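The structure presented is a predicted model; accordingly, all values stated were derived computationally and were not measured.
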Amino acid sequence: MSADVMPITENKNTKKAKAVDTPWKTAFRRFTRNKLAVIGFIMIVFMFILCFLGPVFSPHNLFDYSLKNKNLAPNSMYWLGTDKLGRDILLRMMLAGRISLLVGFVATFIAVMIGATLGALAGFYGKIIDTIIMRVADIFMALPLLPILIILGAVLSDLKVDPSSRIYYLMVIIGVLNWTTLARLVRGQILTLREQEFMQATEALGLKDGRKIFKHLLPNTIPVIIVTATLSVAGAILTESALSFLGVGVVPPTPSWGNMISAANNLIDFRKRPWLWIPPGMCILITSVAINLIGDGLRDALDPKTKK
């Protein structure tokens with residue numbers, strides 16, 4: 001062997017070195033391995049496509065009234081039949097889905113903003129601030145949610161709030177009344193995190209309290225927030241549907257899955273015209289199940305105790 005040629009040796013430490021997975025990559029891999037969670041994700045994506053893109057391709061209009069076509073069974077022109085005013089059930093179901101999904105996600109966003117902020121403040125400062133926030137949370141948790149929402153819905157009706165604006169009030173009301181669970185979970189996480197070494201480093205650096213909370217503590221509670229928020233979306237959709245079914249939520253002519261199911265209040269419609277209430281009922285069922293499957297999958301994927 002020539003002296004100029006050096007044998008090529010491989011360092012065992014560098015042979016086929018693998019890139020270190022980030023926590024989010026690991027969580028994504030765990031999530032995709034959960035078949036039920038993936039099915040739930042596909043279902044919710046399908047519902048979004050159906051509700052937000054489907055009406056664009058519909059040959060019908062929401063305000064197309066045709067009494068001669070009222071209460072028609074599903075046929076080639078009206079795939080899911082028509083209601084008592086001759087309106088296309090499929091189109092109304094898709095537009096109602098926009099309302100219900102929007103209420104679910106916006107109300108949950110409001111609840112997350114309130115719950116995460118108050119929970120972080122309670123956990124970080126403790127003492128009197130913690131006591132005040134947690135006692136307020138106890139009061140909210142002691143309130144019977146559905147009766148309170150029914151009363152507030154009746155108040156909106158008495159005030160003659162425009163149906164198109166009523167939906168926004170409903171989002172805020174549901175969000176404001178649903179922050180307590182998340183606040184308690186975030187508070188518990190913050191109580192643990194504030195004793196960690198990285199928080200001692202922030203003390204040494206002299207960072208302000210706001211930066212400690214929103215830049216260092218809250219980001220470490222994101223897994224808990226994501227899982228809780230995901231499961232809360234289904235609850236918000238069901239709450240809106242229940243209120244609309246009772247006539248104190250979204251009111252006609254604005255469609256929602258809840259007020260479409262109210263057709264089941266009529267015995268004749270319930271028995272002889274199932275196309276009036278089964279499609280929106282199935283949408284509520286599919287969406288709720290899908291969101292819960294996603295929530296369970298995210299909980300397992302983001303749990304550090306779960307094996308890779």
Side-chain angles (χ1 to χ4, degrees), residues 23-24 27 103-153 155-156 168-240 243 291 295-296 298-299 301-305:
W24 292 109
V103 169
F105 282 91
V106 174
T108 300
F109 177 78
I110 294 172
V112 166
M113 291 296 102
I114 297 173
T117 302
L118 294 180
L121 293 175
F124 181 79
Y125 289 108
K127 298 181 180 179
I128 186 65
I129 294 179
D130 182 23
T131 301
I132 293 173
I133 293 176
M134 288 300 101
R135 295 300 74 77
V136 172
D138 289 341
I139 293 172
F140 271 81
M141 293 183 74
L143 295 174
L145 180 61
L146 191 58
I148 292 295
L149 288 171
I150 291 174
I151 292 171
L152 293 175
V155 169
L156 292 178
Y168 302 107
Y169 291 97
L170 196 60
M171 293 176 189
V172 174
I173 292 171
I174 294 175
V176 168
L177 294 177
N178 280 288
W179 59 271
T180 53
T181 300
L182 181 62
R184 286 186 171 276
L185 292 173
V186 170
R187 171 184 174 271
Q189 291 287 309
I190 297 295
L191 288 173
T192 302
L193 291 169
R194 71 178 185 179
E195 304 299 331
Q196 301 295 323
E197 293 181 356
F198 75 92
M199 287 306 298
Q200 297 175 11
T202 61
E203 290 284 351
L205 292 171
L207 299 182
K208 294 181 179 180
D209 290 349
R211 187 173 180 83
K212 292 177 186 177
I213 295 172
F214 295 103
K215 295 291 185 181
H216 297 280
L217 288 174
L218 268 180
N220 284 284
T221 66
I222 286 178
V224 173
I225 293 174
I226 289 176
V227 174
T228 306
T230 303
L231 297 174
S232 296
V233 171
I237 291 174
L238 290 173
T239 300
E240 179 277 322
L243 292 174
I291 291 175
D296 289 341
L298 288 173
R299 181 189 59 200
L302 296 171
D303 186 355
K305 297 179 183 178

**Student:** Under the ring pair (Phe, Tyr, Trp, His ring centres under 6.0 Å) rule, collect the residues that match up with Phe140, sequence neighbours excluded.
**Tutor:** Trp179
**Student:** Would you give the length of the straight line joining atom OG1 of Thr180 to atom CG of Leu185, rounded to the nearest 0.5 angstrom?
**Tutor:** 9.5 Å
**Student:** Just jot down the side-chain hydrogen bond (donor to acceptor under 3.5 Å, both in side chains) partners of Asp138, sequence neighbours excluded, or say none.
**Tutor:** Arg135, Arg184
**Student:** Going by the side-chain hydrogen bond (donor to acceptor under 3.5 Å, both in side chains) test, which pairs reach into residues 141-150, not counting sequence neighbours?
**Tutor:** none
**Student:** Using the salt bridge (Lys or Arg N to Asp or Glu O under 4.0 Å) rule, collect all pairs that involve residues 169-179, keeping only residues at least two apart or in two chains.
**Tutor:** none
**Student:** Rounded to the nearest 0.5 Å, what's the gap from CD1 on Ile222 to CD1 on Ile225? Could you check?
**Tutor:** 6.5 Å
**Student:** Tell me, which pairs form a side-chain hydrogen bond (donor to acceptor under 3.5 Å, both in side chains) where one or both residues lie in residues 220-237, sequence neighbours left out?
**Tutor:** none
**Student:** Pairs of donor and acceptor atoms involving the side chains of residues 170-177, under 3.5 Å and at least two apart or interchain, shall be tabulated with distances.
**Tutor:**
none

**Student:** Side-chain donor-acceptor pairs under 3.5 Å in residues 109-134, sequence neighbours left out?
**Tutor:**
| residue | atom | partner | partner atom | Å |
| --- | --- | --- | --- | --- |
| Thr117 | OG1 | Met113 | O | 2.7 |
| Tyr125 | OH | Asp209 | OD2 | 3.3 |
| Asp130 | OD1 | Arg187 | NE | 2.7 |
| Asp130 | OD2 | Arg187 | NE | 3.3 |
| Asp130 | OD2 | Arg187 | NH2 | 3.0 |
| Thr131 | OG1 | Lys127 | O | 2.9 |

**Student:** Give, for atom CG of Leu243 and atom CG of Leu146, the distance between the pair rounded to the nearest 0.5 Å.
**Tutor:** 6.0 Å
**Student:** Test of understanding: with ring pair (Phe, Tyr, Trp, His ring centres under 6.0 Å), list the residues that count as partners of Phe105, not counting sequence neighbours.
**Tutor:** Phe48
**Student:** Going by atom type alone, with no hydrogens or angles, which donor-acceptor pairs under 3.5 Å involve a side-chain atom of residues 211-218 and a protein atom two or more places apart or on another chain?
**Tutor:**
| residue | atom | partner | partner atom | Å |
| --- | --- | --- | --- | --- |
| Lys212 | NZ | Glu203 | OE1 | 3.3 |
| Lys212 | NZ | Glu203 | OE2 | 2.9 |

